[in-house]
Amino acid sequence: MFDNNNITTNIDIALAALRAGDLVAFPTETVYGLGADANNPIAIKRVFQVKGRPIDHPLIVHLAAADQLSAWARNIPTAAFALAEQFWPGPLTLILLKQPHVSPLITGGQDTVGVRIPAHPLTLELLRRFESGIVGPSANKYGRVSPTSAQHVADDLGNEVEVILDGGYCAVGIESTIVDLTGNDPMIMRIGAINAAQISAVLSKDVQINFGPHAIRTPGSHVSHYAPNTPVQLLNSSEFFAAINTYVEQKINFSAISLHARPQNLDQNIFWQQMSSKPDEYAHDLYAALRAHDFLQNKIILIEQPPNATNWLAVLDRLSRANTKL
Ligand code: TXA
Ligand code: MG
C-alpha cells in the first residue's frame, strides 16, 4: 500500500490546488475522478500523463448545477433537460454538442462534450466554489480497475496527484451511465446504475445500448478495460465449480469471487469471496473485490458469472471487460 499524505477531507486545500493548476482526485457516488481545471490545458495534459491515457480519449466535464450546462454545450435538446431534471446530481453522463471554447484536449478533438453533475456532497461543494468545470476520468491508471476509495487512488497514483479529497467509499461503485444525445436517437454508450428502462421512461421512447465497434472512442468500451493484473476467468456456475476442482487438483493458486457460500471442503488457504445476490450491492463491492484479489498475486481470479438478466447488465459489462481471454 502506498502511504500517501496528500489525502485530505479539506475542501479549501482541494480548491487551492485546482486553482494552482494541480491535480485533485475527487470522490463521486460512482468512482473517484482525477480532477483538473477544465479551462487549464496544461493541467488537463497532466491528467493524460498521470493516467497514461491516449490523448484522443475524451474526458467528462463535471459541473455543480444544470444552469452551467449552456456554458459547455450548445443546441441542447429537451431530452437533456428532462434527463438532468430526473437524474442529476447522479450517475449519468450526457454527450452533447460542445461550445466552441471547450478545449479539444477535453473532447478528443470531437465536436461533442460529456457532462455530468456528480452526487457527492464534498465534490458538489468543491464544484460550487470553483465556479467552473472540473474534468475527470476515473482516477486509476489507464485500463485498470477504477478506484472506489481515497486509498485506492493513493495505491494507483501515489504522489503523482497533488491532492486526494477523501469522501469515503463510493456509494454506487461503478462508472456513470453515458447517454449520447447528439444523434437522431438517444444511445447508451456505457451502462451504469441508471438503466435503459429508466432512461426510456423519462424520454418516452426506446433507447438502444451501443456495445458495438463504433463505441471505440470510449476507452471503457475497449476489451480488457477495468482489469486487474492477475488474469480473470469469468465462468458460468457449472464451469466455475468444475474449474475449482481442476485447479485444486492441479495445485494452481487461485482465488474465487462467487454468488455462493464457500464450499465446505475447500482448502482454507484459498481466498473465497461471496458477493451479494443483489446487483446494486454487487456493483458497490466489485472494484474493491477485484483489487483485494489482485493483491494476492495468484495465478487466476475465478469469477462466477451472475445471472444473464437486465438488472445485472452493468455488472456483467464490467466483469466481461475484466475477463482475460486466456
Ligand atoms: O462515473 C463516471 O463517469 C466517472 C466519474 C469520475 O465521474 N468518470 C469516468 O471517466 O468514468 P472515464 O474517463 O474513466 O470514462 C468516461 C467515458 C470515457 O469512456 C470517455 O471516452 C467517454 O466517457 N466520453 C467522455 N466524453 C465523451 C465524448 N465527448 N464523446 C464520447 N465519449 C465520451
Ligand atoms: Mg475509467
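Both ligands and their constituent atoms are indexed starting at 1 by order of listing. Values reported hereafter were calculated over all heavy atoms of this structure, with side chains retained and with hydrogens, waters and symmetry mates removed.
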Applying a heavy-atom cut-off of 4.0 Å, say which part of R190 lies close to ligand 1: side chain, backbone, both or neither.
side chain
So is there a nitrogen or oxygen of T112 less than 3.5 Å from a nitrogen or oxygen in ligand 1?
yes
For a quick check under 3.5 Å, do N10 and T8 share a side-chain donor-acceptor pair by atom type?
no
Test of understanding: given a 4.0 Å heavy-atom threshold, classify the contact between I178 and ligand 1 as side chain, backbone, both, or neither.
side chain
Does any N/O atom on T107 come nearer than 3.5 Å to any N/O atom on ligand 1?
no
Salt-bridge present (D155, R291; N to O < 4.0 Å):
no
By the side-chain hydrogen bond (donor to acceptor under 3.5 Å, both in side chains) test, which pairs, at least two apart or in different chains, include something from residues 74-92?
R74-D111
Does ligand 1 have an atom that lies less than 4.0 angstrom from a heavy atom of R53?
yes
With 2.8 Å as the threshold, which protein atoms of type N, O or S lie near the Mg ion (ligand 2)? Leave waters out.
S138 OG
Donor-acceptor contact present, side-chain Q208 to main-chain M187, <3.5 Å:
no
Apply side chain to side chain contact (heavy atoms under 4.5 Å, CB included) to P263 and list each qualifying residue two or more places apart in sequence or on a separate chain.
F241, N265, L266, W272
Side-chain touch D37/I134, heavy atoms, less than 4.5 angstrom:
no
At a 4.0 Å threshold, what atoms of ligand 1 neighbour a non-hydrogen atom of V113?
29 (N)
Do any N/O atoms on H57 end up under 3.5 angstrom from N/O atoms on ligand 1?
no
Taking the six-membered ring for Trp and the single ring otherwise, decide whether the centroids of Y169 and H284 are under 6.0 Å apart.
yes
T30 N/O under 3.5 Å from ligand 1 N/O
yes
Distance under 4.0 Å to a non-hydrogen atom of E175: what atoms of ligand 1 satisfy this?
1 (O), 11 (O)
Under 4.0 Å between a Lys/Arg side-chain N and an Asp/Glu carboxylate O for R318 and E175?
yes
Under 3.5 Å: N/O of R116 near N/O of ligand 1:
yes
Counting each atom of ligand 1 from 1 as listed, which ones have a heavy atom of H62 under 4.0 Å away?
5 (C), 6 (C), 7 (O)
If we number the atoms of ligand 1 from 1 as shown, the ones under 4.0 Å from a heavy atom of P137 are 10 (O), 12 (P), 13 (O)
Between E29 and R116, does at least one N-O distance fall below 4.0 Å, as a salt bridge requires?
yes
Basic-acidic side-chain contact under 4.0 Å: E160, K141
yes
Measuring from I13:CD1 to L126:CG, what's the distance to the nearest 0.5 Å?
12.0 Å
I need the D22 CG to N6 CG distance, nearest 0.5 Å.
10.0 Å
Please identify each residue that fulfils side chain to side chain contact (heavy atoms under 4.5 Å, CB included) with L296, with sequence neighbours left out.
S255, F271, N298
Looking at V31, which atoms of ligand 1 are within less than 4.0 Å of one of its heavy atoms?
4 (C), 6 (C)
Ring centre gap for H62 and F26 strictly below 6.0 Å:
yes
Show which atoms of ligand 1 fall inside a sub-4.0 Å distance from at least one heavy-atom site of S176.
1 (O), 2 (C), 3 (O)
Atoms in ligand 1 flagged as close to G33, the criterion being non-hydrogen separation under 4.0 Å:
6 (C)
Under 4.0 Å, counting heavy atoms only: does K98 come that close to any atom of ligand 1?
no
